[in-house]
Amino acid sequence: MAGAKLRGRVLSVASECVPLVKTGGLADVVGALPRALAAKGWDMRVLLPAYRALRADAQSWPVVWDEADLWGGPGRVLAGEVAGVSILLLDAPHLYDRAGGPYSGPGGEHPDNAVRFAALSWVGARIAREGLADWKPDVLHAHDWQAGFAPAYLAYHGTGGVKSVITIHNIAFQGWAPAHMLSVLRLPGHAFHPEALEYYGGISSLKAALVTADWITTVSPSYAAELMRPEFGMGLQGVIVARAPVVSGILNGVDTEAWSPAAEDPSFGPKSLAGKAAARAKLCEEFGLDVPGPLAIVVSRLTDQKGIDLLPAVIPDFILGGGGLVVLGSGDPGLEGAMRNLAARHPGRVAATIGYDEGLSHRLFAGADAVLVPSRFEPCGLTQMYGLRCGTLPVVSLVGGLADTVIGANPATLAAGAATGLTFHPVDALAFGHALTQLLEVYQQPKLWAKLRANAMGHPVGWESSAAEYAGLYERLTA
Ligand code: ADP
Ligand code: GLC
């Protein structure tokens with residue numbers, strides 16, 4: 001923050017943050033936003049649970065907060081800095097020192113997740129309201145259901161003058177708990193009605209935030225509009241409509257240093273594609289592929305949201321047309337099996353790696369010709385933006401942030417020099433198949449392909465303008 005005038009202080013509360021812990025794009029955003037805002041004069045800190053993998057390294061960090069009674073044990077907050085971001089780790093071993101990921105262990109999802117993330121939200125709200133010894137935020141910024149109770153705790157236990165923002169990264173995850181937990185969760189009985197905390201007979205931490213936060217954002221303008229409709233609102237559309245005046249969509253950015261052609265190969269940039277050809281050749285060698293047409297990739301959670309089940313229906317024709325595919329992902333066991341089958345049925349043309357592999361994901365974006373994102377809904381999506389940045393043409397369904405970041409090729413957008421990829425709608429195998437046919441055709445036209453690729457690589461995907469929008473929001477809230 002050196003040099004910039006102090007604009008204000010913001011405490012982000014979240015369950016994931018790169019490079020410490022990540023299961024999806026939430027972590028990227030929670031990690032990148034503070035860095036982008038710090039450069040604009042915002043003093044940002046991120047409160048996260050001290051999961052098992054994070055505890056050891058933080059034991060030497062100073063303790064800046066103590067909490068005696070955190071649902072079955074004490075907690076303390078350790079302060080440190082990681083990759084240029086000020087981190088506050090909530091160390092409460094009875095809640096977070098467990099095997100596995102942030103939400104589940106070897107035996108499946110943790111049964112006490114409602115309490116585990118209520119504890120995170122509770123401490124976030126208290127720090128916001130009372131301040132640390134030397135730091136008190138002006139804004140508490142909660143991310144997703146895991147931090148959803150934080151704005152509610154401010155609203156019902158006192159705000160201490162702090163404003164709150166909830167960002168919806170994915171409304172499919174709502175943080176549900178049964179009604180009898182209301183007092184256990186330190187929520188007031190008088191607020192248990194449909195206009196406040198009650199949600200289909202129970203409690204939802206995301207709804208709690210939506211009814212109590214001073215402002216609601218989501219991660220793209222299109223998703224903000226979609227959330228007001230039942231097809232996308234997933235039961236919460238009425239709540240969003242009721243609060244429409246304080247809802248806005250602010251598009252995510254991506255880390256343009258980590259995701260850049262030059263980061264993969266110095267000879268690869270918008271003006272020279274020699275490095276891209278080399279990266280493609282290496283990729284084909286790594287996976288034993290021989291692909292005469294476009295080499296496509298999918299890097300994704302393998303879930304219903306992502307439309308992965310459409311691949312087995314459309315890929316065989318794409319292969320016949322000369323295309324190839326590498327899938328990197330994990331998730332639903334049925335979809336993992338379907339991806340393995342696809343690879344087994346098309347040796348030399350399709351490969352599937354089931355798992356999570358950051359290094360491989362970079363090699364894939366560097367070397368591939370196209371990235372497929374056939375999501376049924378997509379709040380923002382990051383991989384289509386990695387594709388734009390690396391000249392790996394995005395082929396996307398026209399939903400949410402995909403519609404806001406990719407301009408589909410058609411005669412008008414091509415004439416205007418605006419097209420950056422291929423888009424399709426509705427989200428079904430027929431429309432997706434058409435888009436892949438278009439991909440095969442465009443690939444056969446080197447001039448057109450080069451033009452699209454240049455447009456894509458020129459499309460801004462960094463944090464600059466979105467960070468300015470968040471800064472403007474914080475300023476309006478605290479004015
Ligand atoms: P979501 O958060 O819904 O999963 P996003 O597109 O916003 O979708 O973000 C997903 C992030 O996770 C991206 O950074 C993507 O590259 C990464 N990712 C997803 N699956 C894998 C995987 N199997 N290996 C490496 N990175 C992955
Ligand atoms: C969620 C969404 C994804 C978005 C990410 C970061 O996981 O599914 O679309 O990009 O959050 O905001």
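First listed ligand is number 1; within each ligand, the first listed atom is number 1. What's counted below: heavy atoms across the whole structure, side chains too, no hydrogens, waters or symmetry copies.
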Under 3.5 Å: N or O atoms of ligand 1 paired with protein N or O:
from	atom 1	to	atom 2	distance (Å)
ligand 1	2 (O)	Gly25	N	2.6
ligand 1	3 (O)	Arg301	NH2	2.7
ligand 1	3 (O)	Lys306	NZ	2.8
ligand 1	4 (O)	Arg301	NE	2.7
ligand 1	6 (O)	Leu382	N	2.8
ligand 1	8 (O)	Lys306	NZ	3.0
ligand 1	9 (O)	Gly25	N	3.2
ligand 1	14 (O)	Lys22	NZ	2.8
ligand 1	14 (O)	Asp28	OD2	3.4
ligand 1	14 (O)	Tyr386	OH	2.6
ligand 1	23 (N)	Gly355	O	2.8
ligand 1	24 (N)	Asp357	N	3.0

_Between Asp97 and Arg55, is the salt bridge (charged side-chain N to carboxylate O under 4.0 Å, His left out) condition met? List the steps._
CA-CA 8 Å; Asp97 185 10; Arg55 286 196 77 221; 3.3 Å; yes

Please identify which atoms of ligand 2 are closer than 4.0 Å to at least one heavy atom of [X].
X      : answer
Pro379 : 2 (C), 8 (O), 9 (O)
Val29  : 6 (C), 12 (O)
Val219 : 12 (O)
Gly25  : 5 (C), 6 (C)

_Residue part near ligand 2, for Leu26, under 4.0 Å between non-hydrogen atoms_ =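 Only the backbone of Leu26 comes within reach of ligand 2.
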
*Of the backbone atoms (N, CA, C, O) and the side-chain heavy atoms from C-beta on, which set of Asn252 has a member under 4.0 Å from an atom of ligand 2: side chain, backbone, both, or neither?*
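Side chain only.
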
*asked:* Can you list everything that forms a side-chain contact (heavy atoms from CB on, under 4.5 Å) with Thr217? Sequence neighbours excluded, please.
replied: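 Residues passing side-chain contact (heavy atoms from CB on, under 4.5 Å) with Thr217: Val165, Thr167, Trp215, Ser248, Ile250, Tyr470, Leu473.
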
*Quick one: which residue pairs count as a side-chain hydrogen bond (donor to acceptor under 3.5 Å, both in side chains) with a foot in residues 395-406, not counting sequence neighbours?*
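Qualifying pairs: Ser222-Asp404, Gln384-Thr405.
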
*Would you mind listing every side-chain hydrogen bond (donor to acceptor under 3.5 Å, both in side chains) that reaches into residues 460-469, with sequence neighbours excluded?*
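Found Lys40-Glu464.
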
Hydrogens and angles aside, do [X] and [Y] bring a side-chain donor and acceptor to less than 3.5 Å of each other?
X      : Y      : answer
Asn113 : Gln146 : no
Tyr223 : Glu378 : no
Thr23  : Glu16  : yes
Tyr386 : Ser361 : no

_I'd like to know whether the aromatic ring centres of Trp259 and Phe365 sit less than 6.0 Å apart in this structure._
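Between Phe365 and Trp259, which both carry aromatic rings, the centre distance is below 6.0 Å.
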
*Aromatic ring centroids of Trp145 and Phe173 under 6.0 Å?*
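No, too far apart.
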
_Among His169, Gln305, Met385, Glu16, which one puts a heavy atom closest to atom 12 (O) of ligand 2?_
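Checking each option, the heavy atom nearest atom 12 (O) of ligand 2 is found in His169.
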
*Of Gln384, His143, Arg301, Glu378, which has the heavy atom at the shortest distance from atom 3 (C) of ligand 2?*
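Nearest option to atom 3 (C) of ligand 2, by heavy atoms: Glu378.
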
*Quick one: closest heavy-atom pair of Arg389 and Thr256, and the distance?*
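Answer, listing the atom of Arg389 first, then Thr256: NH2-O, 2.8 Å.
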
_Top protein contact for atom 10 (O) of ligand 2, by heavy-atom distance_ =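 The answer is Gly381 N, 2.8 Å.
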
*Can you check whether Cys380 has an N/O within less than 3.5 Å of an N/O in ligand 2?*
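N/O-N/O distance below 3.5 Å exists for this pair.
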
